[in-house]
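Heads up: the structure comes next, in structure tokens.
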Number of protein chains: 2
Amino acid sequence: MNAMTWLTEEEQATWRAFLHATMLLEDHLDRQLQRDAGMPHMYYALLSTLSETPGRRMRMTELAEQVKITRSRLSHAVARLEGNGWVRRENCPTDRRGQVCVLTEAGHAELVRTAPGHVAAVRSAIFDRLTAEQTRQLGDISRVIAEGLHQPEGADVPWLR
Amino acid sequence: MNAMTWLTEEEQATWRAFLHATMLLEDHLDRQLQRDAGMPHMYYALLSTLSETPGRRMRMTELAEQVKITRSRLSHAVARLEGNGWVRRENCPTDRRGQVCVLTEAGHAELVRTAPGHVAAVRSAIFDRLTAEQTRQLGDISRVIAEGLHQPEGADVPWLR
DNA sequence: GGCCACTTCTTGAACCTTCAATAAAAGCCC
DNA sequence: GGGCTTTTATTGAAGGTTCAAGAAGTGGCC
């Protein structure tokens, strides 16, 4: 294993810390939401995303892209949320293959009810602990990483294909 | 919802970017390892952690704490890895309740075989894109977040109990 | 129009994680 | 030692995610 392949001491330490932080954070938020809202964090993110769109509705594919999950995962999730009455499917008027996912009144009410607790959890885990400077840094870093993973070009990551 | 409850514009943007980055990253690494090593990222982390300990072995509870997962999850994971022949359970000599999880030769070989690809994926997704300064920042930020979640005291997060 | 490739969304099976319940041993206290 | 609480690890069921396959519609091309 040459130097190209491996990580420096600092990179290793950073990577480990990052893994631990994301692990603990996801766990923490999942538990908080499961207890207070009866759904995992991802499902909450779906409702939350819908609530911010005009008409509180979005095409399935667009919703999947927005929250960074596969269509398959979204299909299963929406099926469950529909069972809860928090979301409803409508046929897309312009594309007969398409479905539009719509946040119901009950879904919106659930979001209003549970948002404060969720935001408090996020705040206390992250933003109450970071300086304003660090918040800005974390935003920049996250955007760089997300950008790099958005459309991994074969030329950029040759070992992946 | 008052100002205490909500996030500022910048915090919201950071939070969203962070979610996207971690989502895409986990997905990316899981897929890479599933394809090249036949296991999810978490399982790889278990083997990797074991490989760095004296005797390549660790008590179940300690291993679970090290990689930040529940004992239950570890039990299931180890059962699967044992089925692959990558890990073996031994009785703990000093505590008859205890089990020691041991990395087998086959498990170590698998790690050696797949480590370069995994490290390359991590490197290209993260460290090749961040400046040295940002790497240091990410380490600091991650440690702050992880610390805060390690043992959430009732006094610190009153809404959680 | 007819064909073909692509897109959209869903499905079921396999696998993974969570949660609550359990068994067994250890540690404490008298 | 006997009783009690705590710790260690596992189990099975319920729910979530992934993957490959498939149904149905769209759009381009001739």
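Residue numbering restarts at 1 for every chain, and letters A, B, ... go by the order of the sequence lines.
Side-chain atoms of His76(A) come within donor-acceptor range of the base of dG12(C), with a qualifying N/O pair under 3.5 Å. No N or O donor and acceptor, one from the side chain of Ser75(B) and one from the base of dT11(D), sit under 3.5 Å apart. Taking only distance into account, the side chain of Ser72(B) meets the base of dT11(D) through a donor-acceptor pair shorter than 3.5 Å. Residue Arg71(A) places no side-chain atom within donor-acceptor reach of the base of dT8(C), judged by atom type and a 3.5 Å distance cut-off alone. Taking only distance into account, the side chain of Arg97(A) meets the base of dT7(C) through a donor-acceptor pair shorter than 3.5 Å.
Using a 4.0 Å heavy-atom cutoff across all strands shown, Arg96(A) reaches sugar-phosphate atoms only and no base atom. Nucleic acid contact class of Asp27(A) (heavy atoms, under 4.0 Å, all strands): sugar-phosphate only.
Nearest-nucleotide mapping onto DNA chain D: of Thr70(A) and Glu62(B), the residue sitting toward the 5' end is Glu62(B). Between Gln34(A) and Cys92(A), the one whose closest nucleotide on DNA chain C sits nearer the 5' end is Cys92(A). Nearest-nucleotide positions on DNA chain D for Gly38(A) and Asp30(B) put Gly38(A) closer to the 5' end.
Atom CG of Leu74(B) is separated from atom C1' of dT11(D) by 14 Å (rounded to the nearest Å). Counting to the nearest Å, the C1' atom of dT10(C) and the CZ atom of Arg80(A) are 19 Å from each other. Taking atom CG on Asp95(B) and atom P on dA25(C), their separation rounds to 10 Å, with Å as the unit. A straight line from CG of Leu24(A) to C1' of dT18(C) spans 16 Å, rounded to a whole angstrom. The distance between atom CD of Glu26(B) and atom C1' of dG16(D), rounded to the nearest whole Å, is 14 Å. The interatomic distance linking Gln99(B) (CD) with dT11(D) (C1') rounds to 14 Å, in whole Å. Remark: P of dA14(D) and CZ of Arg73(B) are 21 Å apart, rounded to the nearest angstrom. One atom, CZ of Arg59(B), and another, P of dA25(C), lie 14 Å apart when rounded to the nearest Å.
Residue Arg31(B) places at least one side-chain N or O under 4.0 Å from the OP1 or OP2 atom of dC19(D).
Ala125(B) and Leu149(A) get closest at one heavy-atom pair: CB-CD2, 4.0 Å.
Looking at Glu147(B) and Arg129(A), no side-chain N of the basic residue comes within less than 4.0 Å of a carboxylate O on the acidic one, giving no salt bridge. Looking at Arg16(B) and Glu52(A), a side-chain N of the basic residue comes within less than 4.0 Å of a carboxylate O on the acidic one, giving a salt bridge. Electrostatic pairing of Arg80(A) and Glu82(A) does not count as a salt bridge here, judged by no charged N lying under 4.0 Å from a carboxylate O.
In this structure a side-chain-to-backbone donor-acceptor pair under 3.5 Å is present from Thr104(A) to Gly85(A).
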